[in-house]
Amino acid sequence: MVDIARLKHFHDISRVNYIKFIAYTASWCIKRKPFQRMAGCGERERYVNEKFALSLLLQACGCCDENADYFTENQKELVEAIGQIFYHLKYRNTNPQTLELFLIGLEMGKKIHIAEP
């Protein structure tokens, strides 16, 4: 987490923004791959670092909160969206800044309600 330490020193702050911390941690997990598969592991464990990063991102945006609520008719769309995010983490270039923007966008999306006519 040298990047976080540099940011704290550069901006002369003692604590880092939570969203920024999660974004940098998730990006670090994807880039450095701290979790390694052991011989004999199945396909399920193949993208363990990306799965961990996804769980961090979902937790940070409140998807894992027991008070989180969604309409049951949207469940299929939510599962598909999470699948797209996971696909992005596995096969696309990510960096802490894009993950931070993603989390900020999700946070803003929770505050926007579209009224149906």
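We use all heavy atoms of the structure for the numbers below, so side chains are in, but hydrogens, waters and symmetry mates are not.
L99 and L101 fall into different hydrophobic clusters, where Ile, Leu, Val, Met, Phe, Trp and Tyr side chains are chained together by heavy-atom contacts under 4.5 Å.
Scored by the side-chain hydrogen bond (donor to acceptor under 3.5 Å, both in side chains) test, Y18 finds no partners at all (sequence neighbours excluded). For H11, the side-chain contact (heavy atoms from CB on, under 4.5 Å) partners two or more places apart in sequence, or in a different chain, are L7, I13. Residues forming a side-chain hydrogen bond (donor to acceptor under 3.5 Å, both in side chains) with N17 (at least two apart in sequence, or on another chain): none. Take F52 and apply the ring pair (Phe, Tyr, Trp, His ring centres under 6.0 Å) test, not counting sequence neighbours, and it matches F35. Every salt bridge (Lys or Arg N to Asp or Glu O under 4.0 Å) that E107 has, sequence neighbours left out, goes to K110.
Here the closest heavy-atom approach between residue F21 and residue V16 is recorded as N-CG1, 4.1 Å. Between A26 and A53 the shortest heavy-atom distance is O-CB, 3.7 Å. Pairing each heavy atom of P96 with each of S27, the nearest pair is CD-OG, 3.3 Å.
Counting only residues at least two apart or on different chains, the salt bridge (Lys or Arg N to Asp or Glu O under 4.0 Å) pairs with a member in residues 18-32 are K20-E100.
Checking each of N93, T94, N49 against I30 for a side-chain contact (heavy atoms from CB on, under 4.5 Å) leaves exactly one that passes, namely T94.
To the nearest 0.5 Å, atom CG of residue L57 and atom SG of residue C29 are 9.5 Å apart. L56 contributes atom CG, which lies 15.5 Å from atom OH of Y24 (distance to the nearest 0.5 angstrom). Going from atom NZ of K51 over to atom CD of E45 covers 7.0 Å, rounded to the nearest 0.5 Å.
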If you look only at distance, which donor and acceptor atoms sit under 3.5 Å apart when one is on a side chain in residues 76-90 and the other is two or more places apart or in another chain?
none

